[in-house]
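We number each residue from 1, following the sequence as shown.
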Amino acid sequence: MQKTLLRYIWTHTRPQQSWILFIVALSMIPYFLAFDLPKQIINGPIQGEGFEDLNATQNFLDFSFNIPLIDQPLAFDGFPLDRMQTLVALSGVFLLLVIINGGFKYYINTYKGRLGERLLRRIRFELFDRVLRFPPRYVKSLNGAEIASMVKDEVEPFGGFTGDAFVQPALLGGQALAALVFIILQNFWLGMVAAFMVAIQVIIIPKMRRRLIELGRQRQITARRLAGKVSEVVEGLGTIHAYDTSNYERADVASRLGEIFRIRYDLYQWKFLVKFLNNFLSQLTPFLFYLIGGYLTLRGTLDVGQLVAVINAYKDLPGPLKELIDWDQARQDVQVKYEQVVENFEIEDMIPVGLHALTRENSHPKGEALQAAAVSVNDDSGAKVVDHVTMKVERGESVAMIDHIGRGAEAMAEALGRVTWPSSGRVCLGETDIRELPESVTGRYISYVSTDSYFFHGTLLDNLVYGLKHAPVNKIEYTGKDARQRLWEVREAKLAGNPHLDIRASWVDYTSAALGGGTKEDLKKSLLAALDVVQLTDDILELALHSTIDPKEDPKFAARVVEMRHALRERMQELGMDTLVVPFEPHAYNSEATVAENLLFGATLETLSAESELLSSEHFYAALRKVGLQRTFVEIGRTVAKNLVEIFGGLPADHPFFRQVTSLSAEDITYYQSLLQRRSEPKPANFRLSDPDKAFIRLTLEYVEPRYRLGILTTELQDKIVGSRELFYTELPSHLRDLVERYDPDKYVSVATLRENIVFGKLSNRNADGVAELRALASKVSQELGFSDQLVRAGLDYDIGAGGRRLTPIQRRKLNLARALLRRSDYYVFNKPLPGLERHAQEEIVQNVLAFLRQQENDPAVIWVLSNISLSRLFDRVVMFDSGAILEEGSYETLEQESGTFKALVA
């Protein structure tokens, strides 16, 4: 990057800057003419100079000049106009000049804005590109929030300054010079006064503003560090709460804010001092003009028209002059910011640009060995963790690396995966150092997986296929308006120095999938197999079953869910397992569902609570009264409250009994206890519900007989609730009916989860093993219907959140491993990818992975750093490190028989 911002701007915008400077020079002609015109209007038609006779006329637009190399002059006599006509004509010319000057300003400003935005786009992309090329040692010390702040906010002023970098001094300097020359032409002494005041402003004000620039630099640095600290706190909230250091962090941030306040306060004080002095000098000059100009006018050496023209010209002088001084301050300010940005992004030993070149085809010859030649690796503290190691891994070989003392195996795996650069020696693919190979080779032929995994915000599927997005595979053919829009995007990207690759094109390379021949079906096959290998399929099915879908967006899938619902119900009846689930039936009471679900016979869009729109509406209770259930529900709620208070009253809030009644807390029990202590009086038939009565009704609505077992829901009452369903629903106003989605055995319930839609009922509490039996049966039925793949697809659409935080740590590690297995590579480097898994599960996954990779036609090699040493028996060769050097290597059987150290580790 260039050392100065002006040079950077000129390098990348030279043709555009040259064009706009030409336009600026052209605009000076009407700008200067506009100064002289007021004098002509005042001295001519207004004061009558040249119109002493009543019928006198003046030639308008007359001119005469000689053309070079031609003897005959070019002349025009103009139009003869009387005094009034001349006034109108000159005023019209003045208005025309105003329009022309405004047009020039409009064109110049819009052109500058477009130019600035293009360069801002260029520099932001260049900084982002440099982030991708940072060396590994530097990446570990980066603060992501500070880098993001620089790319997003700190370069923002560069865009605004780009358009002004050369145009503004030319434009403003030209305007100020035109005004000053005009004043001198009218009167020498007034011109000298104006020139002297201009010199003072140009010399003093910039010097005073240097302090502003330094304060601005300090403000930028402290604000950037504050952003980094806030990001750090957000990332470490769990640690902060665990160690009770929230007040320490508050003190830290408060101190940083205090420092920013001090800098900003000093900045404001100095800024307004400079502004005061600048304004004073600007107003002092008109005072001198009125005094000296008035004196000269009274003496007769300066006419009124000239004085008015001088004052009018000076009126346009302070503006450009002030803006020119502001431009110089902005120049110094952005230069300081630019130097800070360059300091953070001009890193030694950056990855060369050519290694990141876009490559669509796999160009590296296959069959070459991955080898380390005298490799040494230092950690961040400078300590040597790998000491002069030489090893070679052939294609098709499986190698287990283990550590006896130190972390040499882990560091060696990082070097083989090009995550760490050796401090000495070379890691080669064939005979070529992998640091010299493009990422299109190393990033495709070597797959590296470690404990540290990062996932981008998106779905599970997005992150699984992320390793297949090397280059656009299929272009999109645009037509009509979309084609014109795409052409504009390409042209602007080229002008801004950005790549014009289409992010909307298909980037997933099916030919790189682990299994198959390069079709979409082959990718699907590889994906499902990889999920099974890492034992993640069941997790994804659970995520799918707990998710909701909009049937309007995917009606075919919703229809398949309903089909699965009926098939599962039929299979349960065939096997005599229909008692596992109590289904929702239009003319039957579901004993396992709440009273509210049975009365509404549907799912509500929001949870039923006192604050919900449904239960806070008087229409709801009026409908209850209409169907004759209002008084009954109040009495049932009172009975339930009495029993709950008797059972749970006085128990602590964390008592396990409350887990059995998930909708009630200790505070609720206390509340109902206070309601029951109030005196209950007989009420007339048309009594108005009180708030306590509504509270009792809400308790009734949550009642489930098998859960509470109070025996208060008689068969007659259940039949009455079922019989009141339709009347109750129709009595609700339309806006409340819209809050309820009625159950229909042949329709998908959009507010329910996939699991609830498939089961379409409530699991019976009579069978302790009902959940496991139902899951096994549903799995079998879904496979028979070919629906399990669609469920997995629904699970793959699950949004995993920022960094995959919506997944458990174990799920993230399995997903990280599956992402690498999904794509075909020649070398797989697994650096303790499954910490935290229990030994049996870890052994199964390692066996699955090795078996899966042996199915690939390219015969890949596997290098696995093991935390469970006993698993090394599954590999062809074992390499044991001790203090960064290879202690022993050989087959598992050989080391177990001949090496006491290895045998002790396995034991």
Quick one: does any side-chain atom of [X] pair with a main-chain N or O of [Y] as donor and acceptor, under 3.5 Å?
X	Y	answer
Ser779	Ala776	no
Thr594	Glu702	no
Arg560	Leu785	yes
Arg755	His546	no
Glu574	Arg571	no
Gln630	Tyr621	yes
Lys525	Lys520	no
Ser617	Leu614	no
Arg256	Leu226	no
Thr808	Gln811	yes

Can you name the nearest heavy-atom pair linking [X] to [Y], along with the distance?
X	Y	answer
Met572	Leu774	SD-CD1, 4.0 Å
Val792	Leu541	CG2-CD2, 3.8 Å
Ala818	Leu531	CB-CD2, 4.4 Å
Pro586	Arg725	O-NH1, 2.7 Å
Asp746	His566	OD1-NE2, 3.0 Å
Ala558	Pro551	CB-CB, 3.7 Å

Point to revise | Pi-cation contact, Phe455 with Arg812 (under 6.0 Å, within 45°) | key: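 Relative to the ring axis of Phe455, which defines the angle, Arg812 lies outside at least one limit.
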Contact between [X] and [Y] at the side-chain level, heavy atoms closer than 4.5 Å - yes or no?
X	Y	result
Leu815	Val534	no
Leu629	Lys720	yes
Tyr589	Ile721	yes
Phe584	Phe601	yes
Glu756	Val749	no

What about Tyr466 and Phe456, are their ring centers closer than 6.0 Å?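 Centroid separation for Tyr466 and Phe456: below 6.0 Å.
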Does this structure show an ion pair linking [X] with [Y], if we count only N-O contacts that are shorter than 4.0 Å?
X	Y	result
Arg114	Glu117	no
Glu489	Arg504	yes
Glu477	Arg486	no
Lys747	Glu741	no

**Message:** Let's go through Leu543 and Leu807 carefully: what are the C-alpha distance in whole Å and the side-chain angles of both, what is the deciding distance for side-chain contact (heavy atoms from CB on, under 4.5 Å) to 0.1 Å, and is it a yes or a no?
**Reply:** CA-CA 10 Å; Leu543 294 175; Leu807 302 177; 4.0 Å; yes
Checking side-chain contact (heavy atoms from CB on, under 4.5 Å) for the pair Ser764/Leu580: CA distance, chi angles, key distance, verdict?
CA-CA 5 Å; Ser764 175; Leu580 285 177; 5.9 Å; no
- prompt: Parallel, tilted or perpendicular: which fits the ring planes of Phe125 and Phe128, with parallel below 30° and perpendicular above 60°?
  reply: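 If you compare the ring of Phe125 with that of Phe128, the planes turn out tilted.
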Under a plain distance cut-off of 3.5 Å, with no hydrogens placed, do [Y] and [X] share a side-chain donor-acceptor pair?
X	Y	value
Glu731	Tyr729	no
Tyr454	Asn463	no
Asp462	His457	no
Ser750	Asp550	no

Between Phe787 and Phe557, is the ring-ring contact (aromatic ring centres under 6.0 Å, His included) condition met? List the steps. CA-CA 9 Å; Phe787 186 60; Phe557 182 74; 5.7 Å; yes
Going from [atom1] on [X] to [atom2] on [Y], what distance comes out if it is rounded to the nearest 0.5 angstrom?
X	Y	atom1	atom2	value
Lys694	Leu615	NZ	CG	10.0 Å
Asp693	Glu635	CG	CD	8.5 Å
Glu611	Ser616	CD	OG	8.5 Å
Ile540	Arg793	CD1	CZ	11.0 Å
Ile549	Thr753	CD1	OG1	11.0 Å
Ser526	Leu464	OG	CG	11.5 Å

Report task. For Asn816 and Arg819, run side-chain hydrogen bond (donor to acceptor under 3.5 Å, both in side chains): C-alpha distance rounded to whole Å, both residues' side-chain angles, the deciding distance at 0.1 Å, then the answer. Result -> CA-CA 5 Å; Asn816 193 32; Arg819 177 169 59 182; 3.0 Å; yes
Query - Residues, nucleotides or ligands: over 12 heavy atoms within 6.0 Å of Asp789 CG - result: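 Result for CG/Asp789: enclosed.
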Q) Does atom NE2 of His735 have more than 12 heavy-atom neighbours from other groups under 6.0 Å away? A)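 Yes, NE2 of His735 has more than 12 neighbouring heavy atoms, counting only those of other groups under 6.0 Å.
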Open item on the list: Test of understanding: with side-chain contact (heavy atoms from CB on, under 4.5 Å), list the residues that count as partners of Glu249, not counting sequence neighbours.
Closed with: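 By the side-chain contact (heavy atoms from CB on, under 4.5 Å) rule, Glu249 matches Lys229, Val233, Ile240, Asp252.
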Handout entry: With sequence neighbours excluded, residues passing side-chain contact (heavy atoms from CB on, under 4.5 Å) with Arg565
Key =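 Per chain and number, Arg565 pairs via side-chain contact (heavy atoms from CB on, under 4.5 Å) with Val562, Asn757, Phe760.
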(request) Quick one: do Asp799 and Thr459 satisfy side-chain hydrogen bond (donor to acceptor under 3.5 Å, both in side chains)? Show the steps, please. (result) CA-CA 4 Å; Asp799 188 343; Thr459 66; over 6 Å; no
Report all side-chain donor-acceptor pairs from residues 711-718 shorter than 3.5 Å, counting only partners two or more places apart or in another chain.
from   : atom 1 : to     : atom 2 : distance (Å)
Thr714 : OG1    : Leu717 : N      : 3.2
Gln718 : NE2    : Leu713 : O      : 3.4

| task | Go through Val465 and Leu822 one step at a time and tell me if the side-chain contact (heavy atoms from CB on, under 4.5 Å) criterion holds. | result | CA-CA 7 Å; Val465 301; Leu822 180 59; 4.0 Å; yes
For a side-chain hydrogen bond (donor to acceptor under 3.5 Å, both in side chains) check, start with the C-alpha distance between Tyr478 and Asp502, then their side-chain angles and the critical distance, and finish with the verdict. CA-CA 11 Å; Tyr478 295 97; Asp502 189 358; 2.5 Å; yes
Stepwise, does the ring-ring contact (aromatic ring centres under 6.0 Å, His included) test hold for Phe728 with Phe620? CA-CA 9 Å; Phe728 178 81; Phe620 181 86; 5.4 Å; yes
- From CA spacing to verdict: side-chain contact (heavy atoms from CB on, under 4.5 Å), Asn590, Glu597: CA-CA 9 Å; Asn590 191 317; Glu597 287 175 299; over 6 Å; no
